[in-house]
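First the structure, in the form of structure tokens, and then the observations on it.
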Amino acid sequence: MDIFIEIGLIVFVATAVSLIMRLLKQPLIVGYILTGIIVGPYFLNFTESVNYVELFSKIGITALLFIVGLSLKLDIIREVGKISVLVGMGQVIFTSAVGFFIMQILGFNVVSSLFGSIALTFSSTIIILKLLSDKGDLEKLYGKISIGLLLVQDILATIALLVVSVLGSATLVDGSAFEITLFLFIKGISFFVILYVLSKYVLPRLLSFLASSQELLFLFSLSWGLGMAAIFYNFGFSLEIGALAAGVALASSSYSPEIASRMKPLRDFFILLFFVLLGSQVILSDVGNIIMPAIILSLFVLIGNPLIVIILMNLLGYKSRTGFLVGLTVAQISEFSLILVALGFSFGYVNREIVSLITLVGIITIASSTYLILYADKIYPKLRKLLRIIEPYKQIKDEKKEEEKNLDMIIFGYDRVGYDFVNIAEKMKKDYFVVDFNPDSIRKLERNNIPHFFGDADDVDFLWEIGVPRVKAIISTIPDFKTNFDLVSFYRNHNPEGIIVVISNNIKDTKELYKNGASFVIMPHYLGAKYASEMVQNYGFENFAFEKEKKNQLEYLEKRQEFTR
């Protein structure tokens, strides 16, 4: 079968299955894996060009891990807080230990048990972020702790991939494993030092230059991610480590949210083929042998993982409800888990049976945990009495107060009237940041230490990335009517109570914006004329009053010009 026809059929089946998943409120990753089973050798048998599909799936993994790397800032431990680090590391340690013990009892060898137990510890950042976002819980206390915990897991998963990559490379090359491992370790340290220097002194200036063109920025991001993955692979590491390193090198940049939003469509297509390939490799003929281990391990992930988190959070002084909600976010295994066992299989550490087992556990836990998270508020009251048995008498956090805190303001556009809103936000001591799509404006913001992001207000993925739906007030100084109209629509669809102020240059557009849900529309020409006419009315023909107004305006303009140079 021609590869083009084969890919077309796979995408068609994936679309049909994903529509069903959507109706069932399931993450699309479940649909992708089921698609792989359907198009695999046991049913439709579309996957004849396995080499091509495998190549495309590697691009998907590279894009996925590159985007994950973009969120892993170097000071992430400080950012996520003590609770996320303690609970994240504690959960990984206890889950892997208990999981290893269970797999040993089930009769798996030591290496398979080690890979399987580690795979059980990682939860899906992408799926949880989407579910929390849909529920509007990202800024609640449990949401913030969950995100921090998941990021800690991502860091530990990165280390696990690095270890497997180094050990795998050592076993594939002739010579002393110790010497090869040491050599690879030294090379790895050298690479990360070089990347740190590049991310500190070279990449910020380069990105600032490239940002003037969306296409050029996307092309550079693509070449940087794929290029670093290829370089790492060429020097004995895995593609996964190279992709993650490439993302981390750009993580601290103001342009990282924009880069991530541009890369996501590429990721979504190619990662589909990775999970389809994974599903097609599930050994259904041997399903009788792995179904019971899969059910046992799935129950451990669905019940054991949340229980471990609840106990750890209770020991640290958090209420049972907060621990319960955080615990449910780790009640599934992640794409990292599947990548880890796939990498172990490629190096010969585990057989296809383990890959099939972990994939089946992934399907069961991802599907089940989705419903648990969506209906958590209804499930908790039924378990409240049981969970409160282990709840501490004294909480160390004012949880209600923390849950109510949200980002106050996002200001779109700086050089026009955005400057004035920045001053007001500073005077009011509000939490805010500025979004601008002009590299020159970004440089001014960096120079003046104003919190900011580079990004496009027309990009919905970017709006989700920076948390627009959760913000109390949106200020847009962008003059384009369509951009403001779409921004108002997006914000109102997700936040009916918030304040959104936009700008307009004519009466017709202003009426449309108000009709669409704008809180207030700034009309510079009309407001300027109104203010001037009120001056005439108030001052009459007193030249002194006009001189005073002129002096105040010139001082303001001079100060603004100096600040925005």
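We count residues from 1, following the sequence as given.
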(message) Going by the rule side chain to side chain donor-acceptor pair (under 3.5 Å), which residues pair with Gln104 if we only count those two or more places apart in sequence or in a different chain?
(response) Ser113

(message) For Tyr255, give me all partners under side chain to side chain donor-acceptor pair (under 3.5 Å), at least two apart in sequence or on another chain.
(response) none

(message) If I take atom CD from residue Glu426 and atom OH from residue Tyr432, how far apart are they, to the nearest 0.5 angstrom?
(response) 3.5 Å

(request) For Lys264, enumerate each residue passing the side chain to side chain donor-acceptor pair (under 3.5 Å) test, keeping only those at least two apart in sequence or located in another chain. (result) Glu465

(message) Looking at every heavy atom in both Ile363 and Ile37, which two are closest together, and how far apart are they?
(response) CD1-CD1, 4.3 Å

(request) Could you list the residues that satisfy side chain to side chain donor-acceptor pair (under 3.5 Å) with Thr370, not counting sequence neighbours? (result) none

(request) Kindly give the heavy-atom pair with the smallest separation between Thr365 and Leu302, and that separation in Å. (result) O-CD2, 4.0 Å

(request) Identify the heavy atoms of Ser254 and Glu446 that sit nearest to each other, and give their distance. (result) OG-OE2, 3.5 Å

(request) Name the orientation class of the two ring planes belonging to His494 and Phe490 (parallel below 30°, tilted from 30 to 60°, perpendicular beyond 60°). (result) tilted

(request) Considering non-hydrogen atoms only, spot the tightest contact between Val152 and Val85 and give its length. (result) CG2-CA, 4.0 Å

(message) Using the side chain to side chain contact (heavy atoms under 4.5 Å, CB included) criterion, which residues pair with Phe345? Sequence neighbours excluded.
(response) Val350, Arg352, Val355

(message) Listing request: all ring pair (Phe, Tyr, Trp, His ring centres under 6.0 Å) pairs with a residue in residues 84-115, at least two apart in sequence or in separate chains.
(response) Phe115-Tyr349

